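Accompanying notes for the structure given below.
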Amino acid sequence: MRPAARPSSLRPCRLHRRVLAGLLLTGSLLSAAAQTTPEAAPATQARPVGDTLYPTLGQAGLDAVHYDVHLSVTQPGTRALSGDVTALLRATRDLPLISLDFLGPAVTVALWNGQPVPFQQDHTAGKLLVLRALPAGQEARVTLRYAGVAGVLPDPVFPFTLGWQAVPDPLNVGGGANFAFSEPDGARTFIPVNDHPSDPATFTVTLTVPPGTAAVASGQRVRVTDTPASPDRPAAHTVTFDQARPIPTYTLAVHIGPLEAVDRPPVNVGPGGAPIALRDYFPPGTPDTVRAPYRRTGEILTFLSGWFGPYPFRTYGSAVVTPRLPALETAGLSTMPVTSSSDRVLVHETAHQWFGNSVLLRDWSDVWLNESFATYAELLWQEHQGQNTQPLTDAWYATLQRRGTRPLVAATPAEMFDSTAYQRGALALHALRRQVGDDAFRTFLRGYAQGGAATPSAAPERAAQVVGTGDLLAYTRRTLGEQAERVLRDWVQSSALPPAP
Ligand code: TRP
Ligand code: ZN
C-alpha cells in the first residue's frame with residue numbers, strides 16, 4: 001500500500017510497544033512462570049538475529065527449513081484458535097536451546113523429534129524456549145501444540161493490530177472470518193516461528209474449519225477432507241496447502257470465512273513459461289465495482305513478468321477482505337482490502353511477489369527495497385496503459401517536498417512504510433533509469449528481481465535471495481557502472497531531497 005492510498009481513518013498514533021518489549025526481553029528472558037527443569041540451559045544464551053529495527057526478533061544461528069502448520073478454527077470471526085506446528089529446524093552454529101517467536105495461546109505440549117521436551121513460554125518477551133541444545137549442522141523437528149486465543153500485537157504507528165485478524169459475525173449467520181496480516185512481525189501472534197524475513201521457509205498449512213466455510217493459504221491446495229460429526233467432535237472441513245518455495249513468515253497468507261472462489265484462465269509466466277493458475281476469493285456480496293480490477297490479474301501478471309522475469313510461485317490471486325487495512329503482498333495470494341481494490345494497488349502487491357517475497361530483506365531497515373520497486377511498478381503499469389507518467393512522478397516529488405524526507409534506510413519502525421520508503425524509493429529508481437536509459441534499466445530490474453544482487457551464502461538454495469541496501473548499490477556498480485551507482489547512492493543516502501530526475 002502507498003501512504004497516499006491509505007484510508008483517511010488510518011492515522012498514526014503513538015505506541016512504543018516494541019521498544020518496551022525489547023527492554024523487557026533483554027532484562028528478563030527467564031522471568032516467565034513456566035514449565036522448566038533444573039538441567040535447563042541458561043535461556044539468556046539465545047541471541048536474537050540482530051535486526052536493526054526489531055532487535056528481539058528471531059534467533060541467530062537458527063535456520064527454519066520447513067513449518068508444518070495445523071490450525072483449527074471452530075468459530076470463524078472470533079480469536080479462538082488452536083494450533084499444532086512442527087518446525088524442521090537446523091542449527092548453523094551451536095545452539096544451547098531453541099528460541100522461537102510466539103505471542104499466541106499457551107503451549108501445552110512440546111516435542112523434540114516426537115519425544116516430550118522441557119519448554120518455557122515467556123508471554124511478555126514473546127518467546128517460546130525449547131530447552132534442548134542443537135549442535136551446529138544438526139536438525140530437529142520441534143512440535144508445539146497450543147489452544148486458546150490468538151495473540152494481539154498493536155502496530156506501533158497505525159491504528160490496527162498485526163497478525164491474526166478476526167472479522168466478527170454479530171448475527172451469527174456464518175459470516176465471520178479470520179485472516180493473517182503479519183508484516184512485519186505479526187506471524188508470531190498465531191504460529192511459533194523464527195520471525196525474521198532473512199529466514200524464509202517452506203510451509204505446509206492445514207486448516208480445519210466448520211463445514212461450509214472456505215479455508216485458503218499460501219501454496220498449492222493438495223488435500224481436502226470432510227469429516228462428519230462424531231460423538232467426540234463436530235463435523236469439519238480440512239484443507240491442506242503446500243508452499244514449496246521458501247517464503248518469509250510475514251508473507252504467509254491464511255484466509256478463513258464465507259469466501260467465494262473465482263477461477264480465471266491460467267497465464268504462462270512461470271519458469272520456462274509454466275502455467276500459473278489464477279484464483280481470487282471474495283466475501284459474500286462483494287460489489288462488481290470491487291471485483292472489476294481483479295479481472296485484470298492475468299494481464300498484470302503477464303505485464304510484470306515481462307519486466308521482472310518468471311513469476312516465482314505456482315499460483316496467484318487475491319483474497320479480498322473487509323477491514324480497512326493496508327493491502328499486503330501475501331505469497332501467491334495478495335490480501336486486498338475492499339478499500340484498496342484498484343488496478344494500481346493490485347499491480348503494487350503483485351510486484352511484491354518478486355520484490356519482497358522472492359528477493360528477501362536482510363533487515364527491516366531495508367524495507368524500502370520492497371516498497372520502492374513495488375511503487376515503481378505502478379509507474380510501469382501507467383506507462384503500459386499509454387498514460388503520461390510525468391504527473392505521477394511530479395506528485396511523488398511534491399509529496400516528499402510537503403511531508404519532508406530522509407535517507408532511504410529506515411531508522412525507526414515508524415519510517416518503514418512512510419512516503420520516503422515508497423515515493424522517494426520509486427524516484428530513486430526513476431533517477432537511475434534516466435541515468436542509464438531504458439534498455440540497461442530493464443536488464444538491471446530483471447537481474448535484481450531474479451536474485452542478481454544477493455551475496456552468495458552458505459545455504460545457497462534457500463538464502464541466496466537475501467539482500468540489503470549495500471547489496472543493491474554493489475549490484476548497481478557491477479552492472480551499470482560507477483556513475484550510475486553514484487546517482488543511486490545520492491538518492492539512498494542524502495538527507496536532502498535530490499533534484500527531480
Ligand atoms: N507492504 C504493504 C504494501 O505496501 C504495506 C504494509 C504492510 C503496511 N504492513 C504494514 C503499512 C504496516 C503500514 C503498516 O503493500
Ligand atoms: Zn508495498
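Atoms within each ligand, like the ligands themselves, are counted from 1 in listed order. Predicted model only: the values in this text are computed from it and were never measured.
Ring-plane geometry between Phe190 and Trp164 is classed as tilted, the angle between the planes lying from 30 to 60 degrees on a 0 to 90 degree scale.
Within the 4.0 Å heavy-atom criterion, neither part of Met416 lies near ligand 1. Only the backbone of Ala327 comes within 4.0 Å of ligand 1, judged by heavy-atom distances. Contacts between Tyr250 and ligand 1 below 4.0 angstrom, taking non-hydrogen atoms only, are absent altogether.
With no hydrogens or angles considered, no side-chain donor-acceptor pair links Thr393 and His430 at under 3.5 Å. Checking Thr469 against Trp368 by side-chain atom types alone, a donor-acceptor pair falls below 3.5 Å. Defined by atom type and a distance below 3.5 Å, a donor-acceptor pair is present between the side-chain atoms of His348 and Glu371.
For ligand 1, the atoms lying closer than 4.0 Å to a non-hydrogen atom of Glu349 are 3 (C), 15 (O). Remark: ligand 1 atoms within the under-4.0 Å shell around heavy atoms of Phe158 are 13 (C), 14 (C). The Phe160 neighbourhood of ligand 1 comprises atoms 12 (C), 14 (C), with distances under 4.0 Å to a heavy atom of that residue. The contact set between ligand 1 and Phe181, taken as ligand atoms under 4.0 Å from a residue heavy atom, comprises 7 (C), 9 (N).
The salt bridge (Lys or Arg N to Asp or Glu O under 4.0 Å) test applied to Arg362 returns Asp471, not counting sequence neighbours.
Checked by distance only, ligand 1 and Asp155 stay at 3.5 Å or farther apart across all their nitrogen or oxygen atoms.
Applying the salt bridge (Lys or Arg N to Asp or Glu O under 4.0 Å) rule to pairs touching residues 379-391 yields Glu383-Arg433, sequence neighbours excluded.
The Zn ion (ligand 2) has no N, O or S atom of Glu349 inside 2.8 Å of it.
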